[in-house]
Every structure is written in structure tokens, then in C-alpha cells.
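As the structure is a prediction and not an experimental result, all values here were calculated from the model. Throughout, protein chains are lettered first and strands after them, A, B, ... in sequence-line order, and every chain is numbered starting at 1.
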2 protein chains.
Amino acid sequence: MLFNGYLSAMAFHKERSAGFLANQMARLFAKGLHERIRPLGLAPAQFMTLLALWDEDGLAQSELVQRLDVEQATMANTLTRMERDGLIERRANPDDGRSQAIHLTPRAKALRDPATAAARAQNEAALADFTDEERQTFLALMRRAISAMHGD
Amino acid sequence: MLFNGYLSAMAFHKERSAGFLANQMARLFAKGLHERIRPLGLAPAQFMTLLALWDEDGLAQSELVQRLDVEQATMANTLTRMERDGLIERRANPDDGRSQAIHLTPRAKALRDPATAAARAQNEAALADFTDEERQTFLALMRRAISAMHGD
DNA sequence: CAATGATATATAGCTTGCTATGCAAATGGG
DNA sequence: CCCATTTGCATAGCAAGCTATATATCATTG
């Protein structure tokens with residue numbers, strides 16, 4: 001009775017909810033990044049995928065799924081759009097008929113510098129008035145929240 | 001030349017990118033919240049909208065757009081799904097033929113306590129090993145990044 | 001070697017975002 | 001009062017998430 005009364009009275013303030021703020025922040029990051037890379041013909045998830053492939057070309061879809069921590073179906077659809085847009089090619093893997101190696105096209109390789117510069121600019125815009133220490137703290141806290149939710 | 005060489009060599013590490021971490025963190029928050037409120041028949045954006053309406057019933061769509069900071073089209077679609085699911089009713093506004101007042105159904109009112117409890121549990125899961133001070137710091141840093149990107 | 005189980009992708013269907021448009025109702029200036 | 005502008009919503013169309021399911025290939029094991 002007292003307990004239920006307490007719960008009912010205990011307002012949930014979205015401004016004080018980490019989840020609410022995380023959602024809003026991520027949308028603003030994505031929107032800002034999208035504006036910056038749109039002239040390059042890229043969308044945010046395509047950029048994230050390119051980050052992994054610029055680092056190591058020829059990965060299998062399953063490896064991209066691991067590195068970017070998205071569901072397999074999400075990655076499959078993103079790769080289909082990237083193939084459509086001339087960013088990647090899916091090449092058969094001679095050792096395993098199930099998997100394919102994802103290879104960058106010359107166009108995708110050429111986008112590396114302008115696209116990473118755009119992403120850096122967006123991060124900088126978000127953290128403009130943060131000190132170096134605050135930036136480190138912020139990244140560390142986000143990593144801890146991610147680990148806690150990821151279960152590791 | 002030196003500058004271009006520097007840029008090319010300057011790898012972009014997603015693990016050190018605030019935007020990348022923000023995206024991953026927000027997805028984990030949304031996924032965890034969704035699992036917790038799915039038994040109630042709710043999805044995350046519906047819950048966010050309910051938060052505003054539990055606070056003040058009968059708001060116009062335009063007011064919800066302001067409070068939740070999403071695009072008008074996004075809110076219109078979310079409200080359509082909520083109406084379909086029996087969470088809200090759109091009632092004509094006698095003072096302005098363009099707008100409608102969004103009213104909660106009894107079902108939506110009854111979900112307040114269990115749904116906010118679920119959201120609190122998700123926030124707690126994410127911040128389980130944070131001290132009180134770290135929680136305050138984290139929220140403050142997210143608010144500052146949001147303000148910086150929002151342009152205010 | 002055949003059957004079983006595991007792995008790699010694909011596809012269907014849904015929610016939540018966004019931009020871009022369209023339209024009707026309200027408002028404000030001449 | 002009338003026209004132009006503004007405001008409030010709806011809709012179309014797309015990207016990117018997710019879950020659930022299907023399919024084909026590999027691997028294991030009896």
C-alpha cells in the first residue's frame with residue numbers, strides 16, 4: 001500500500017533517464033554525421049561498415065557482424081544497399097560455399113579520408129566544450145554502460 | 001603533402017569515437033527496454049510518448065514533438081500505431097480545426113507504474129557499477145553533448 | 001556414408017528515425 | 001475582406017534496427 005503509493009508518486013523524469021538521453025544523443029550524432037557524409041553518397045550505417053572494411057578488406061559478413069555488434073539481418077540489408085550503391089562487392093569464398101568475402105570498390109576506398117574527416121568533425125562538434133579529461137571520462141563511462149548491458 | 005599523408009595515416013578508431021559508442025549504447029538501452037516492456041504490449045517510442053502524456057494528458061501532437069524532440073512525421077506515425085494499439089485517442093480540438101488533443105485510454109493509464117518500473121530497471125542495469133557521482137557526471141556530459149549538437 | 005547439428009546468409013515483417021510534400025485551417029497585413 | 005503566410009497533420013519513401021524463419025553448406029558422429 002505504502003509501497004504502491006510511493007511508486008505511483010515517484011515520477012519518471014526523462015531528463016534524468018540515461019536511456020532517454022542516450023537515445024536523443026545518438027539521434028543527434030547520426031543526424032549530424034548523415035548531413036556531413038550525405039554529399040559523399042553515404043549513410044551512417046554504411047560509414048560504420050566501411051570503417052571495418054577500410055581497416056581490413058575482404059571480411060566475411062559474420063566478421064562484420066561481430067565487429068560492429070549488429071544483428072546478422074541488419075548487416076545483410078546494409079550490405080545489400082552498399083552493393084547497390086557501388087561501395088562493395090560480394091565475392092564467393094572458395095573455401096566455404098556459405099560465406100562471401102566483402103570487398104571494397106575503388107569508390108569506397110577513395111571515400112576513406114573525406115568520410116573519416118566528416119566523422120571526426122561531428123565528434124568534435126558534439127564535444128567542442130569538453131576538456132581532454134572530460135572526453136576521456138565520457139568515453140570510459142559509455143564503454144562501461146555498454147559492457148554492463150552487453151553482459152560482459 | 002605532409003598534411004594529406006598525415007590524414008591518411010591517422011586511423012579512425014570506432015572504439016574511441018563518441019558517436020560510435022553513443023549509437024551502440026542507445027541500441028543496447030532500446031533493446032533492453034524493449035524486452036522489459038514487450039510483455040506490456042509497448043515499444044520504446046510508445047513508452048517515451050506515454051511518459052509525456054502521463055505527465056500531461058491531452059497534449060497536441062505539436063507539443064509532443066517539442067517535448068520529445070523528434071520530427072513531426074515520426075510522431076504522427078508513432079501516434080497512429082498507439083491509436084491502433086488502443087493506447088490513445090485523437091480528439092478534435094474545438095478551438096482549432098487543425099489540431100487534435102491526444103488523450104490516454106484507461107489501458108495506457110494503467111501501464112504507468114509497470115512501464116516506468118521497467119525503464120528504471122533498464123537504467124539501473126546499465127549503470128549498475130556506477131557510483132552516484134559517476135551517474136551525475138554521466139548525465140551531465142550527455143546533456144552537454146546534446147546541447148552542443150542541438151545548437152543551444 | 002547418412003543423418004544430425006551447426007554455421008552463413010537471406011528474407012519477411014515490424015518499429016522508429018528522417019526528409020520531402022501536400023493540404024487544410026488559422027492568422028495577419030493591406 | 002482577401003490574399004499570402006504560417007501552422008498542424010498526414011503521407012510517401014527510404015535507412016537502419018530488431019525478431020523470426022528459411023535455406024544451403026559444412027562439420028560431426030554413429
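- With sequence neighbours left out, Ala108(A) forms a side chain to side chain contact (heavy atoms under 4.5 Å, CB included) with Leu50(A), Leu87(A), Leu104(A), Thr105(A).
- Qualifying side chain to side chain donor-acceptor pair (under 3.5 Å) partners for Glu63(A), counting only residues two or more places apart in sequence or in other chains: none.
- Remark: Gln66(A) pairs with no residue by the side chain to side chain contact (heavy atoms under 4.5 Å, CB included) rule, at least two apart or across chains.
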Review point. How does protein reach along nucleotides 2-15 of chain C, written 5' to 3' as B (base within reach of a heavy atom under 4.0 Å), S (only sugar-phosphate), or - (no contact)?
Key: -----BSBBB---S
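- Chain B approaches DNA chain D over the interval dT7(D) to dT19(D), counting the first and last nucleotide 5' to 3' with an atom under 4.0 Å from its heavy atoms.
- Here Arg91(A) pairs with Glu89(A), His103(A) under the side chain to side chain contact (heavy atoms under 4.5 Å, CB included) rule; sequence neighbours left out.
- Atom P of nucleotide dT16(C) and atom CG of Leu50(B) are separated by 11 Å, given to the nearest angstrom.
- Near DNA chain D, meaning a heavy atom under 4.0 Å from it, residues 15-28 of chain B has Asn23(B), Arg27(B) in order of number.
- For Arg135(A), the side chain to side chain contact (heavy atoms under 4.5 Å, CB included) partners two or more places apart in sequence, or in a different chain, are Glu124(A), Leu127(A), Phe130(A), Asp132(A).
- Asn123(B) meets the side chain to side chain donor-acceptor pair (under 3.5 Å) test with Ser17(A); sequence neighbours excluded.
- For Glu133(A), there are no side chain to side chain donor-acceptor pair (under 3.5 Å) partners, not counting sequence neighbours.
- Applying the side-chain hydrogen bond (donor to acceptor under 3.5 Å, both in side chains) rule to pairs touching residues 41-56 of chain B yields Gln46(B)-Asp85(B), Glu56(B)-Arg67(B), sequence neighbours excluded.
- Mapping Arg38(B) and Phe47(A) onto DNA chain D via the closest heavy atom, the residue that lands nearer the 5' end is Phe47(A).
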Let me check something: any side-chain donor-acceptor pairs from residues 143-150 of chain B under 3.5 Å, sequence neighbours excluded? List them with distances.
residue   : atom : partner   : partner atom : Å
Arg143(B) : NE   : Glu15(A)  : O            : 3.4
Arg143(B) : NH2  : Glu15(A)  : O            : 3.0
Arg144(B) : NH1  : Glu134(A) : OE2          : 3.0
Arg144(B) : NH2  : Asp129(A) : O            : 2.8
Arg144(B) : NH2  : Glu134(A) : OE1          : 3.1
Ser147(B) : OG   : Arg143(B) : O            : 3.2
His150(B) : ND1  : Asp69(B)  : OD2          : 3.4

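- Residues Leu111(A) and Leu64(A) are members of one and the same hydrophobic cluster, defined by side-chain heavy-atom contacts under 4.5 angstrom among Ile, Leu, Val, Met, Phe, Trp and Tyr.
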